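To keep things clear, I will list the structure first and then write my remarks on it.
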There are 4 protein chains.
Amino acid sequence: MAQNQSSAPDTSRRSERSRRAIYDAALALVAEVGYPKTTIEGIATRAGVGKQTIYRWWSSKADVLLEAFLDLGNQAAEAAGHVPYTIPDTGDLAADLKSVLRATVDELGNPAFEAPSRALAAEGVVNEELGRRFVAQLLGPQLQLYVDRLRTAQETGEVRPDIDPRIALELFVSPLAQRWLQYTGPITYEYTDTLVDYALHGLAPR
Amino acid sequence: MAQNQSSAPDTSRRSERSRRAIYDAALALVAEVGYPKTTIEGIATRAGVGKQTIYRWWSSKADVLLEAFLDLGNQAAEAAGHVPYTIPDTGDLAADLKSVLRATVDELGNPAFEAPSRALAAEGVVNEELGRRFVAQLLGPQLQLYVDRLRTAQETGEVRPDIDPRIALELFVSPLAQRWLQYTGPITYEYTDTLVDYALHGLAPR
Amino acid sequence: MAQNQSSAPDTSRRSERSRRAIYDAALALVAEVGYPKTTIEGIATRAGVGKQTIYRWWSSKADVLLEAFLDLGNQAAEAAGHVPYTIPDTGDLAADLKSVLRATVDELGNPAFEAPSRALAAEGVVNEELGRRFVAQLLGPQLQLYVDRLRTAQETGEVRPDIDPRIALELFVSPLAQRWLQYTGPITYEYTDTLVDYALHGLAPR
Amino acid sequence: MAQNQSSAPDTSRRSERSRRAIYDAALALVAEVGYPKTTIEGIATRAGVGKQTIYRWWSSKADVLLEAFLDLGNQAAEAAGHVPYTIPDTGDLAADLKSVLRATVDELGNPAFEAPSRALAAEGVVNEELGRRFVAQLLGPQLQLYVDRLRTAQETGEVRPDIDPRIALELFVSPLAQRWLQYTGPITYEYTDTLVDYALHGLAPR
DNA sequence: GGCTAAGCGAGACGGTACGTCCTGTCTTGCA
DNA sequence: TGCAAGACAGGACGTACCGTCTCGCTTAGCC
């Protein structure tokens, strides 16, 4: 039961005040000057905190930002009454998916979310460890909602029972993700609507 | 009409030797120590080149790497007899796509390509200008091949004529891209085969 | 007349154990790693003591060391039977001085004394307040012994009565001090013997 | 023929401008805030210079200050017409020495000289390497002047021929040095006059 | 013998400086 | 004039200590 390397800091003595200030500063700086120009020194100064306080609790700039972003999500969820961003089930799968993807399109354009999430995504591409944490803590839970909705659709017969929902969801989610991440195309409601139609009915003639 | 002062170096006098050495050094360093630890100073030293020679011809580390990577692709193409990586047309669309995607799976696992392309993709996520160049010069042409193949399939009736090929290709390409970029799932032949099947025939029962 | 607020710790409750441990740690560290690399944090850790315990009772690193060094001297004196290092009086002033200076030469070469006393001397050069305390508590009493011996010599006629002993002693003490402090020359028995001869009889011919 | 370790900097490319600015800043800061509060960072900022420029050419704060102080002396000498601070020879040794020592008393009280020279002396006490350089480059040459003057005095019969001038000079120089360095007593003209008298004629009755 | 107020070990905190590394610009001498 | 070389001003890195500040825990000394 490893008590790892040199003197783990004492979590119970941790300053909540500083933690919040660091989250706020990190998110603000990433939004204002961009991720690469956001420095640990800058975060510390802006948060009115010693650099060591950051190095004591986080291992890197990306680490700070990931936690800050998660915290932001949690706060938003709490504010919205603990409903953590779900997928409607009106009985019409196509309509439900289109609606959620339209909401996602809106969110992707929201500057407050865009800066930090792009930064984290980029870092994750090149830093596998962070990438996997990003998925485990942020992306994964969201994708799971699609899995659940697709399972329901399989029960009602809207989706073939032999389909793997974890792969199926990528047919409409991944294209949107790629356009957003790599600027491979415009992001519009029509586009996401089309994705849903293509995914549900396929490309081949019936 | 001399456009003098500071800028505009004379391309005709440019040292081919240095350019090659810089490409090689950049690619080698990214592969060896990773993109973030690759520095312009490091590239210059490794290439046996003055820093100014890099700053004279490129605007950033990412810029160097993008050109180096493009050059690498061109060289590979030339070596392979000028066939620039195409999509077969056996008349069986599903088989053709599965075959190409399996080749892509192999390529994504090739360490020589992985390091620089991940680095460029990551940089592109956060740096729109570079991202767009990455798409225009690398990703775009490759996606165009899918567009062409899908058009052919529309002519033979394998794909419905009302389908937009530019969007359709994303149904199987983007999921693979996302799994690779974001570590959202394992990448196997079965996976890509499944993607093609789902994309062509849809999720809904017929 | 309570002098309350923050300051004035209660001396009666002071931990003798900690005080000793701090003295030991300070002297050991100065000897081992040198004065500049000796830190309050290091002393505290080595002494198994909280930093605050040091800051509560001393005002600076130099302060700790000065007390530790004084204590060391007191302990040595106590061990030696309370004779606090005196000057013999055999009736032969020259011989007595030579003998004491030779003993001093030996002491200056003793590593256990050298590290802390050099450190204190150096600090005193640049920090007048500490320098004066160093003189008042350490150097002064030792010089006073020379004053006394010279006074006796004046009574026996070995030294002219119009001589100021406080200045006279410097003729042989200061040169040794300077050679030790500033590395201006080698320190040997012959040297100190010569100093005594020159000082007693002068440089001019008789 | 050692070409030492990692890449010795190219002296011929060195910026004279920066060197001067660094000397000035170092001397000014030591005078204004004291040696311990003088930091390399502070010197760099004040001199309008990058820190690396200091680290490239000097190995420590003390090193910078020593060179700055030597340079200050050289400049003063040059300004005064290349007469590097000498000892008069009027034929009256006592008078000459008293006169020089009185001048030294004045100099020791000069704030512009006091701060840096105290700092260097202190550092030299604790750092033998620097101490020896301090002596070799500053103190030694000055002491040599006394040696020369005493040699002349030996030729004229004012000083006994068997006296070692290098030791003799310490009888009046070292006491002054010690009082200055260690605050062991007041520094006045009477004091230095007395030192000369005692040293020349000894303490014992004739 | 229990209560309470200190000293105590520990160490988190806001800071400052360290010495290193790299950026992007500028200058020097070679080809 | 392009180039290798590298000095320069600047600035961020991650580390080490500073001196202050809480935390619980002993440990007196007074009721």
Side-chain angles (χ1 to χ4, degrees), chain A residues 7-15 17-18 21 36-45 47-57 59-61, chain B residues 6 9-15 17-18 21 37-42 44-45 47-57 59-61, chain C residues 6 8-15 17-18 21 37-45 47-57 59-61, chain D residues 7-15 17-18 21 36-45 47-57 59-61:
Chain A
S7 63
D10 181 344
T11 322
S12 71
R13 289 222 188 298
R14 184 165 182 182
S15 162
R17 197 178 200 294
S18 297
K37 291 198 176 175
T38 297
T39 66
I40 293 205
E41 217 152 69
I43 296 172
T45 302
V49 139
K51 277 205 285 182
Q52 203 56 45
T53 299
I54 297 185
Y55 285 109
R56 184 153 34 230
W57 301 110
S59 63
S60 67
K61 182 170 68 159
Chain B
S6 62
D10 181 344
T11 325
S12 68
R13 283 182 175 252
R14 184 167 182 181
S15 161
R17 198 178 198 292
S18 297
K37 290 198 176 175
T38 297
T39 65
I40 293 205
E41 219 154 65
T45 301
V49 138
K51 281 204 289 179
Q52 200 55 247
T53 300
I54 297 184
Y55 284 109
R56 186 158 27 235
W57 301 109
S59 66
S60 68
K61 180 169 71 158
Chain C
S6 62
D10 181 344
T11 324
S12 70
R13 279 177 178 260
R14 182 168 185 181
S15 162
R17 195 177 199 294
S18 297
K37 291 196 175 178
T38 297
T39 66
I40 293 205
E41 221 154 65
I43 295 171
T45 301
V49 139
K51 281 203 289 180
Q52 201 55 244
T53 301
I54 297 184
Y55 285 109
R56 184 158 28 236
W57 301 109
S59 64
S60 68
K61 177 170 74 161
Chain D
S7 63
D10 181 345
T11 324
S12 70
R13 290 225 189 295
R14 184 166 185 182
S15 161
R17 196 177 200 294
S18 297
K37 290 197 176 178
T38 296
T39 65
I40 293 205
E41 216 152 71
I43 297 172
T45 301
V49 139
K51 276 206 284 181
Q52 202 56 46
T53 299
I54 298 184
Y55 285 110
R56 183 155 32 232
W57 302 109
S59 63
S60 67
K61 180 169 72 159

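Every chain is numbered from 1 and lettered A, B, ... according to where its sequence line falls, protein lines coming before strand lines. Values in this document were obtained by computation on a predicted structure and should not be read as measured data.
Mapping Thr39(A) and Val49(D) onto DNA chain F via the closest heavy atom, the residue that lands nearer the 5' end is Val49(D). For Ser59(B) and Asp10(A), each mapped to the nucleotide of DNA chain E holding its nearest heavy atom, the one lying further toward the 5' end belongs to Asp10(A). In terms of position on DNA chain F, the residue among Thr53(B) and Ser15(D) whose nearest nucleotide sits closer to the 5' end is Thr53(B). Map Glu41(D) and Ala47(A) each onto its nearest nucleotide of DNA chain E; the residue landing nearer the 5' end is Ala47(A).
When the salt bridge (Lys or Arg N to Asp or Glu O under 4.0 Å) test is applied to Lys51(B), the partners found at least two apart in sequence or on another chain are Glu41(B).
Rounded to whole Å, the distance from CD1 on Ile54(D) to C1' on dC18(E) is 13 Å. Straight-line distance from the CZ atom of Arg17(D) to the P atom of dT27(E): 12 Å, rounded to whole Å. As rounded to whole Å, 10 Å separates atom P of dG24(E) from atom NZ of Lys37(A).
Contact check, Ser18(D) against dA7(F): no side-chain N or O comes under 4.0 Å of OP1 or OP2.
If you check dA6(E), dG2(F), dC8(E) against the side chain of Arg56(C), the one that comes closest is dC8(E). Residue Ile40(C) places its side chain closer to dC18(F) than to any other of dC18(F), dA7(F), dC13(E).
Residue Arg17(B) qualifies as open at atom CZ: its count of foreign heavy atoms under 6.0 Å is 12 or below.
A donor-acceptor contact shorter than 3.5 Å links the side chain of Lys61(C) to the backbone of Thr38(C).
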Next on the checklist: Strictly under 4.0 angstrom, non-hydrogen atoms only: write out the protein contact profile of nucleotides 20-31 of chain F, one letter per nucleotide from the 5' end, B, S or -.
Outcome noted: BB-B---BB---

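The residue Gly42(A) sits apart from the nucleic acid: no heavy atom pair falls under 4.0 Å. Residue Arg14(A) is in sugar-phosphate contact alone, with no base atom involved, counting any heavy-atom pair closer than 4.0 Å across all strands shown.
Here the shortest heavy-atom pairing between Ser18(D) and Thr53(D) reads CB-CG2, 4.3 Å. The nearest pair of heavy atoms linking Ile40(B) to Ser60(B) is CD1-C, 4.4 Å. Nearest heavy-atom pair across Ala47(A) and Ala21(A) is CB-O, 3.5 Å.
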